[in-house]
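Order of the sequence lines fixes the chain letters, A, B, ..., with proteins taken first and strands second; residue numbering starts at 1 for each chain.
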Amino acid sequence: MLDIRYISENMDKVKTMLEKRNQVKFFADVEDMIKKYQEKNKVQHESDSLRNQRNEKSKQIGKIKADGKDISKISEEVKKINEETKSLEQDLVQYNEKINKVLYYIPNMLDDIVPRGKDETFNKVIRAHGKKPEFKFKPKPHWDIAEENNIIDFKRGTKLAGSRFVLYNSRGAALERALINFMLDIQTKEHGYKEFIPPFMVNEKTMTGTGQLPKFKEDLFKIEGSDHYLIPTAEVPLTNIHSDEVLKEEDLPLYYTAYTPCFRSEAGSWGKDTRGLIRLHQFNKVELVKIVHPDNSEKELDSMVADAEKILQMLDIHYRIVALSSGDIGFSSSLTYDIEVWLPGVEAYREISSCSNCRDFQARRANIKFKSSKGKTEFVHTLNGSGLAIGRTLVAILENFQTIDGDFTIPEVLKKYL
RNA sequence: GGAGAGGUGGCAGAGCGGUUGAAUGCGGCGGUCUUGAAAACCGUUGAGGGUUUGCGCCCUCCGGGGGUUCGAAUCCCUCCCUCUCCGCCA
């Protein structure tokens, strides 16, 4: 979340951000929140000075009693003060509830270089790597290749769990597992990320720390009869590892990675990408998370993108880097670069990684700080990115390395994993 | 699942219901001493919020929430978590 003091002092900048994110309708709520915040401070002040009176008198009572004198009169005075304080305190609770109801729903400030635009058509291509492969035949979409080669059993996946679930068959399951191991090896051994296996379901507090809750509850799967939510990405547990902690400055930066399945309800995307492996309720991903000194988050984002790119370069798959526009960028992010792979079968670029700098937005929610050498405690900056989405990488391999006989070849770097 | 114990400052560990935001030890920081270092000694060392030009002052926080009381780390209720023993189990 944003610092409420920052909002009250920079209302114009916050409004510009909301306008860029197409959330002008939010203006009134934010203005109202700041009014409430100012009122709250007044009430807080009153309540504090009443408490101060009460504390002083209570101390006196202790002394009077020690002298063996009568305390009934002063005791009555304190009772009166307490009654006044009580109603003020109830007001304060109300104020805080109202303020938080808005504060937790305000998205992050945007980096100046985020392209302005209402949707993904305004995303800006930054650069590309490699080039589109050429085929002497019409390349097939991955779902055909996957089905014909017994990589994926779509029908039985649906039978087991419903739409947007798949069953990987023997060769497909092995390939998926090879990709997981390959990516984890590169990120841990070559890029210095520390590997974790986190819980695949987490509590409400953890989901709030990274920004999924309270605003995006409908995107999550919740376990019935329990307070747990299935993670939509390993970003959630990895970033929250250090929630409510004060780190040492010399411990930064922290590079974390984990393979996890990811669970998403995909509410609001009915009819979108219904075929194939692109949009599933459950998919696999190797995630990268960085917890860094605020001075370094910009360059850390660049190097994180490079860490994700490396995988595609080793697999020799053409891709491009795109800066997400203000209408497409995520709630918690101030700047996001997507990596989009070329899929010749469907003739489109598709997102395979999304790398974001959240600056102190998540750190403030999750309360992750560090103590600087000057002894000051400050919020860290957090970044996250896919390194990469496994299923979509498998899609890219199927489509880019398909052969005229309907089969496909395995990239050289993966062979030792199969 | 059954029985018991416990959650206090970076860590360890005290804390009769009233100058306890919290003894003591370790660690950290500063200083004295030393050629330097160690040891020893002295001092200092939690977080959040409000207010002030500043020194400072005030409020809150001893797992979370609620209650008793003029006053709660200390008493009561409740939830969460940790540990030990027994049972069950991948």
Note to self: Taking only the C1' atom of each, what is the distance from B/rC11 to B/rC62 in whole angstrom?
What the structure shows: 16 Å

Check: Between A/N55 and B/rC59, does any side-chain N or O lie under 4.0 Å from OP1 or OP2?
Finding: yes

Note to self: When both hydrogen-bonding distances must be under 3.5 Å and the geometry is Watson-Crick or G-U wobble, what is B/rA39 paired with, if anything?
What the structure shows: none

Next item on the list: Might you work through the side chain to side chain donor-acceptor pair (under 3.5 Å) test for A/S333 and A/T336, ending with a clear yes or no?
Entry: CA-CA 7 Å; A/S333 178; A/T336 298; 2.6 Å; yes

Check: Which base sits across from B/rG27 as a Watson-Crick or G-U pair, both distances under 3.5 Å?
Finding: B/rU45

Notebook entry, point to check: Counting heavy atoms not belonging to A/D112, are there more than 12 under 6.0 Å from its CG?
Noted result: no

Next item on the list: Measure the distance from CG on A/L92 to P on B/rC61 and round it to the nearest whole Å.
Entry: 13 Å

Notebook entry, point to check: Starting at CD of A/E249 and ending at P of B/rG10, how long is that distance when rounded to a whole Å?
Noted result: 18 Å

Check: Considering only the P atoms, how many Å lie between B/rC75 and B/rG6, rounded to the nearest integer?
Finding: 11 Å

Margin query: Would you measure the distance from the C1' atom in B/rG18 across to the matching atom in B/rU69 and give it in whole Å?
Written below: 12 Å

Item checked: Modelled atom types, side-chain donor and acceptor of A/E309 and A/Y337, under 3.5 Å -> no

Next item on the list: Provide the distance between the two C1' atoms, one in B/rA22 and one in B/rU45, to the nearest whole Å.
Entry: 15 Å

Item checked: Identified side-chain contact (heavy atoms from CB on, under 4.5 Å) counterpart of A/L388 within the set A/V286, A/L288, A/L312, A/V341 -> A/L312

Checklist line | Pairwise C1' distance, B/rU84 and B/rA23 [rounded to whole Å] | finding: 30 Å

Notebook entry, point to check: Starting at CG of A/L88 and ending at P of B/rC58, how long is that distance when rounded to a whole Å?
Noted result: 20 Å

Check: Does a donor on one side chain sit under 3.5 Å from an acceptor on the other, for A/Y229 and A/Q212?
Finding: no

Check: Going 5' to 3' along nucleotides 62-82 of chain B, which nucleotides have protein heavy atoms under 4.0 Å from the base (write B), which only from the sugar-phosphate (write S), and which from neither (write -)?
Finding: --------BS-----------

Next item on the list: Assign the ring pair A/Y259 / A/F200 to parallel, tilted or perpendicular, where the plane angle (0 to 90°) is split at 30° and 60°.
Entry: perpendicular

Next item on the list: Only one of A/E235, A/Q187, A/H242 passes side chain to side chain donor-acceptor pair (under 3.5 Å) with A/Y256; say which it is.
Entry: A/H242

Item checked: P atoms of B/rU74 and B/rA47, separation to the nearest Å -> 24 Å

Next item on the list: Heavy atoms under 4.0 Å is the rule here; annotate nucleotides 45-52 of chain B 5' to 3' with B where the base is hit, S where only the sugar-phosphate is, and - elsewhere.
Entry: --SSBS--

Next item on the list: Provide the distance between the two P atoms, one in B/rC89 and one in B/rA5, to the nearest whole Å.
Entry: 28 Å

Check: Judged by modelled atom types alone, do A/N357 and A/S297 share a side-chain donor-acceptor pair under 3.5 Å?
Finding: yes

Note to self: On RNA chain B, does the nearest nucleotide to A/K59 precede the nearest nucleotide to A/S49 from the 5' side, or the other way round? Give the residue.
What the structure shows: A/K59

Next item on the list: Would you kindly give the CG-to-C1' distance between A/N96 and B/rU60, to the nearest whole Å?
Entry: 12 Å

Margin query: Please give the distance between the C1' atoms of B/rG71 and B/rC16 as a whole number of Å.
Written below: 15 Å

Next item on the list: Check whether any side-chain N or O of A/N52 sits under 4.0 Å from OP1 or OP2 of B/rC59, and answer yes or no.
Entry: yes

Check: Does any donor atom in the side chain of A/Y417 or A/D185 lie under 3.5 Å from an acceptor atom in the other side chain?
Finding: yes

Notebook entry, point to check: Atom NZ of A/K248 and atom C1' of B/rC29: how far apart are they, to the nearest Å?
Noted result: 14 Å

Checklist line | Candidate pair A/I397 and A/H142, rule side chain to side chain contact (heavy atoms under 4.5 Å, CB included), full reasoning | finding: CA-CA 9 Å; A/I397 289 171; A/H142 68 273; over 6 Å; no

